[in-house]
Structure formats: C-alpha cells, structure tokens
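Only heavy atoms go into these numbers, but all of them, side chains included; no hydrogens, no water, no symmetry mates. Below, chain A is the first sequence line, B the second, and so on; all start at residue 1.
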There are 2 protein chains.
Amino acid sequence: MRLSAKGEYGVRAMISLTLEESGGPVPLRNIAEKEGISEQFLEQIFLELRRAELIKSVRGPRGGYLLARNSAEISIGEIVEALEGPIAPVDCLAQEGSGRNRCEHVRKCLSIDVWIKLRDAVKGLLDGISLADLCFGEKAEKTTAMV
Amino acid sequence: MRLSAKGEYGVRAMISLTLEESGGPVPLRNIAEKEGISEQFLEQIFLELRRAELIKSVRGPRGGYLLARNSAEISIGEIVEALEGPIAPVDCLAQEGSGRNRCEHVRKCLSIDVWIKLRDAVKGLLDGISLADLCFGEKAEKTTAMV
DNA sequence: GATTAACCCTACTAATTCAGTAGACTATAT
DNA sequence: ATATAGTCTACTGAATTAGTAGGGTTAATC
C-alpha cells in the first residue's frame, strides 16, 4: 500500500509548479533542482502529466510548464491516477482486470467488499483535496476536522 | 496503491479459516485448494500470520490452523500490516524510515499532510473491519451506510 | 515404534517492476 | 544561427514479487 516514487515525486512537483507558475512557464529544471529529483526522471513524469492534461507545456527558450487548469480544479487523486493507474487495492477492481485474479473463487466475494470500501475511501479523500487546498490554505480547516 | 498477492491471499485465507475453524484445526492444504493458492506460498503467508499471533497451529496428523483470537477481534488491518508492513503511503511515514526520502526537501512538507490523512483513513477503515464482520454479517448494516 | 499427516523453515529462482540514464529529435525566442 | 527548453523511445541495473524446492520437526494412529 505504498506510492511509487513516480506518484510521490509527481505530487511534489505539481505542488512546486503550483507555487511558481504565477511567474510564467516554469522550466522542468527548476522544479527538479528544488525537489531533488533527477531531471530526466521528472521529464517522464511530466510527459505523463501532460498527456493526462493536468499540465501544459511551452516550448523554446523561456518555456516550461504551467498547470492546465486552475489549481483549485486539480485534485491529488487525478495526479496519482495519472501516474499510477486507477486507484484500486486489488487487481480485479482496476477495470482492465486481466491480472492475478478474476473473482473465480467463491470466497473472494467476501473480501471484495473491503476492497471496494477501501478504494472508495481512498479515492474520495484524494479527489477531495486540490492543489490549491495544499498550497493556499486548507478548506478543511473551516470544519475543524478532528485530525 | 495496490495490495501484493501476499496481502490479498492472506485476507482471503483468513476468511476461509474463519468460516471453517469451528470444526477444529484446518489444514493449510484445504485452504490452499479452496482459494486456488499455491500451498507452499500460502505456507509462507501463514508463517508470518502465526508470528504476528493472528493464527495458531496444531502440528501432527489432524493438525492445522486456528484463529489465535475470536474472529471479531481480528481486523483486516492487522492482517494486512502483518503481511505488508506498516500502512503508509510514503516511506517517511513508515517509522523505520530509511528509504527513498526523509523529508529533506522543504516542499515535501506540503505533501506530507495528504499522506498522513490518507494513512489515517486507510488504517481507520481496515482496523474497523473484523473477520467476523465479513463472515458473519456486517455491523455497518445497522447504520445503513450510503454505498 | 513405524508410518504418516501435518506444520516449520531457509534458500533459491524466474519474472516483473521500479528508478533512473542515454541520447537523439523538435520548437521557438533572441 | 544558436541557445534554451520540451518530446520521445529505448535501455539498464537493482529491487521486489510470486512462487519452488527441499529438508526439517511434531504427534496421532495402527
């Protein structure tokens, strides 16, 4: 139940981008340096994020990356799913399920309930937090959540 | 954000055991066959579950495995943690954190909030569901939960 | 007390995934 | 023109995963 480096770096890089893009396109190199991530590895990550239409790029000198939408409209869930595939604790819940298991076993049905609940909880939480929430103040603070 | 086969098999096997242990120790072979899991692989899983004191074993002919405690007192979270290590979406939240990252980067602090919330949500959910809940009726049905 | 059903445990291995590198190409501001 | 910066594919070494192999030990039963 761990995020890969790609997912973790991706979220960090997106936060970094959110904080800096007001000054125009941010070169990948800047972000890579600040976050201590290999430039070429981050390049791959940004390629996927662009294809998922979460960021857009400006080529040529003074180019770089920008968020594709307002930071309040990009959720952490979208970033994670773009980089790690569908959020699903077990194979058979990731729709293109041709992996390890395909619900052949009777008893499986008892466990699937847990995984569905878990997926919904994780997805709900991550989809409910935007980059703006993280970077410019947490909306949840209004409700005084109990941690 | 996917469970490994070990975690998934482990939960399924524990459910299987819960349903059958009333008739005395259940041989590993029975469970492996019913669940379609390699016997030797399941053996390794049960070794870890026994060391985590979630199951106990009876050796010799007519031996097998039993739950170490009442099924209502064994949570899915315990099973998963026994087999996959601490529930933590990123390395630096798993206490023995000597992995990839150790919060060296300033911006990291903005993302860590999400991962803490995620961990707490996942842990809370999995610790709140027992084997008895799954096998003998869901307590949550009383509260008519949405979804 | 031999047999045998069952658990116990370590070591190995093939396949996959992960994290990162390399390097060549394309666009554009100056 | 040239320098800057994104685009893209392919490769590689290390780690993890999923599973095998095979030799133990324990104890019920004949």
Side-chain angles (χ1 to χ4, degrees), chain A residues 1-10 12-13 17 20-21 23-33 35-68 83-85 90-91 94 98-101, chain B residues 1-10 12-13 17 20-21 23-33 35-66 68 80 83-85 90-91 94 98-101:
Chain A
M1 300 299 293
R2 202 90 18 123
L3 234 64
S4 73
K6 226 161 78 172
E8 192 192 329
Y9 291 170
R12 269 171 43 207
L17 181 56
E20 301 198 18
E21 62 146 18
V26 184
L28 185 132
R29 170 165 306 181
N30 290 15
I31 297 175
E33 264 167 23
E35 296 294 335
I37 299 170
S38 143
E39 206 176 317
Q40 296 204 306
F41 191 27
L42 191 57
E43 205 168 271
Q44 284 180 35
I45 293 170
F46 270 34
L47 194 62
E48 292 183 58
L49 291 173
R50 185 173 59 76
R51 286 178 175 157
E53 295 181 40
L54 297 178
I55 58 179
K56 58 194 176 195
S57 59
V58 178
R59 299 179 72 155
R62 316 213 53 183
Y65 291 92
L66 296 164
L67 294 182
L83 296 171
E84 314 241 332
V90 292
D91 259 23
S98 62
R100 219 154 52 225
N101 285 298
Chain B
M1 300 300 292
R2 202 89 17 126
L3 233 63
S4 73
K6 225 161 80 172
E8 193 193 328
Y9 290 171
R12 266 169 47 205
L17 180 56
E20 302 197 16
E21 62 146 18
V26 184
L28 186 132
R29 169 164 309 181
N30 291 14
I31 297 174
E33 265 168 22
E35 296 295 334
I37 300 169
S38 142
E39 208 175 316
Q40 296 205 307
F41 191 28
L42 191 56
E43 207 169 87
Q44 284 180 34
I45 292 171
F46 270 31
L47 194 63
E48 292 183 59
L49 291 173
R50 185 173 58 76
R51 286 177 176 157
E53 297 181 40
L54 297 178
I55 57 179
K56 58 194 177 196
S57 60
V58 178
R59 300 179 68 157
R62 317 214 53 186
Y65 292 92
L66 296 164
V80 170
L83 296 172
E84 313 241 331
V90 293
D91 259 24
S98 61
R100 213 153 58 225
N101 285 298

- Quick one: does A:Arg59 reach the base of C:dT28 with a side-chain donor-acceptor pair under 3.5 Å? no
- Message: Here's a test of your reading of the structure: between A:Ser38 and B:Glu39, which maps to the more 5' nucleotide of DNA chain C?
- Response: B:Glu39
- Any idea which heavy atoms bring A:Glu35 and A:Arg12 closest together, and the distance? O-NH2, 2.7 Å
- Kindly point out which of C:dC9, D:dT9, D:dT7 is positioned nearest to the side chain of A:Ser57? D:dT7
- Item | Base of C:dA19 paired with side chain of A:Gln44 (donor-acceptor, under 3.5 Å) | no
- Query: Is a donor on one side and an acceptor on the other found under 3.5 Å between the side chain of A:Glu21 and the backbone of A:Leu66?
  - Reply: no
- Item | B:Leu47 CG to D:dG19 P, straight-line distance once rounded to whole Å | 17 Å
- Residue-phosphate contact under 4.0 Å: B:Ser4 side-chain N/O, D:dT16 OP1/OP2: no
- Item | Rounded interatomic separation in angstrom, taking OH from A:Tyr65 and P from D:dT4 | 17 Å
- Where the side chain of B:Pro61 is defined as all heavy atoms beyond and including C-beta, which of C:dA19, D:dA27, D:dA3 is the nearest nucleotide? D:dA27
- Item | A:Arg2 to B:Val90 - nearest heavy-atom pair and separation | CD-C, 3.9 Å
- Message: In whole Å, I'd like the distance from the CG atom of B:Leu28 to the C1' atom of C:dC9.
- Response: 14 Å
- Task: Measure from CD1 on B:Ile45 to P on C:dC9 and round the result to the nearest Å.
- Result: 16 Å
- Message: I want to confirm an ordering. Mapping B:Phe41 and A:Glu43 to their closest nucleotides on DNA chain D, which one lands closer to the 5' end?
- Response: A:Glu43
- Item | Interatomic distance, B:Arg2 CZ vs C:dT16 P [rounded to whole Å] | 17 Å
- Query: With sugar-phosphate meaning primed atoms plus P, OP1 and OP2, does A:Arg29 contact a base, only sugar-phosphate, or nothing at under 4.0 Å between heavy atoms?
  - Reply: nothing
- Under 3.5 Å donor-acceptor, B:Glu84 side chain and B:Gly7 backbone: yes
- Sugar-phosphate, base or nothing in reach of B:Phe46, heavy atoms under 4.0 Å: nothing
- Query: Roughly, in whole Å, what's the span from CG in A:Leu3 to C1' in C:dA19?
  - Reply: 14 Å
- Note on the structure: With the side chain defined as heavy atoms from C-beta on, B:Arg50 is closest, among C:dC7, D:dA5, C:dC9, to C:dC9
- Query: Starting at CD of B:Glu84 and ending at P of D:dT16, how long is that distance when rounded to a whole Å?
  - Reply: 14 Å
- Query: If we fit an axis to the first five pairs and another to the last five of the helix from C:dG1-D:dC30 to C:dT30-D:dA1, what angle do they make, to the nearest 10°?
  - Reply: 0°
